[in-house]
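See below for the structure under consideration.
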Amino acid sequence: MPAYHSAFNEFPDAMQAGSMSILPIRTKIRGPAPLADTEQGDIIDETLDLFRANSLFRNFEIKGPADRLLIILILYISDCLAKIGSARTVPTQIEASKMLNTLSVDNFAIPGDAGFPLNAHYAPPQSRADAEYLRTYLTQVRQELASRLVERLYADGTGKPSKWWMAFQKRRFMNRSLGS
């Protein structure tokens, strides 16, 4: 059974930085990302929907530039779940939100950096300005993804993260980690 790919691979007006799509997102967080229509889903919704299914796969065929962004976001969700799962006590929703917000703005490797785990599959940004744009875009997307992930983790109202999400904290998509 093949992995699920991004529906945004065919997005008509997507900019690119390196070999990744810069897709619009619905957000209130300041940053360079184009704003998406509030009526439609965006790449973050798609990542959250596909995370659990795709994290079961060890192989993933990249079919377009949106798939490259999807891979990075799935790996970031894995790191977020591992961070929440490694806490001494079960974090409340507010504590988890603070932890993940800190994780999202921490320094991280982008394609072309020596510490990036998937450099073989990604082209580095063309210039220093493109690299900085990509870093700020990914920071904004990570912040928005972290806030939406916390909403989904704590949606049941019990004050504890969903066991159906936390079961995936040790799973590694493509046996990789962003190393955050």
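Heads up: numbering here begins at 1 and tracks the sequence.
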Nearest 0.5 Å, what's the [atom1]-[atom2] distance between [X] and [Y]?
X   : Y   : atom1 : atom2 : answer
L50 : D45 : CG    : CG    : 10.5 Å
I72 : M20 : CD1   : CE    : 4.0 Å
N59 : E61 : CG    : CD    : 10.0 Å
E46 : N54 : CD    : CG    : 9.0 Å
L69 : S21 : CG    : OG    : 7.0 Å
T47 : L70 : OG1   : CG    : 4.5 Å

Got a salt bridge between [X] and [Y], using NZ or NE/NH1/NH2 to carboxylate O under 4.0 Å?
X    : Y    : result
D49  : R152 : yes
R128 : E132 : no
D106 : R142 : no
D37  : R26  : no

Taking the side chain as every heavy atom from C-beta outward, state whether [X] and [Y] have any atom pair closer than 4.5 Å.
X    : Y    : result
P24  : L35  : no
M166 : L153 : yes
I22  : L134 : yes
P65  : Q16  : yes
L48  : L145 : yes

Check whether any side-chain N or O of [X] sits under 3.5 Å from a backbone N or O of [Y] as a donor-acceptor pair, and report yes or no.
X    : Y    : result
Y122 : G18  : no
D67  : S6   : yes
E144 : I29  : no
S104 : N101 : yes
Q169 : I84  : no
Y137 : L23  : yes

Nearest non-hydrogen partners of [X] and [Y], listed with the distance:
X    : Y    : result
I44  : V141 : CD1-O, 3.9 Å
P32  : T136 : CG-OG1, 3.4 Å
P161 : V90  : CD-CG1, 3.4 Å
I43  : F8   : N-CE1, 3.7 Å
Y154 : G159 : CE2-O, 3.6 Å
S19  : H121 : OG-O, 4.3 Å

Plane angle bin for H5 and F60 - parallel if under 30°, tilted between 30 and 60°, otherwise perpendicular: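 The arrangement is tilted - the two ring planes meet at 30° to 60°.
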Connected via hydrophobic side-chain network under 4.5 Å: L56 and I74: yes
Ring-face cation contact, W165 with R52, 6.0 Å cut, 45° max: yes
Return a table of donor-acceptor pairs under 3.5 angstrom between the side chains of residues 108-115 and protein atoms on other chains or two or more places apart.
from, atom 1, to, atom 2, distance (Å)
D113, OD2, I110, N, 3.1
D113, OD2, R135, NH2, 3.1

With sequence neighbours excluded, residues passing side-chain contact (heavy atoms from CB on, under 4.5 Å) with E95: P91, T92
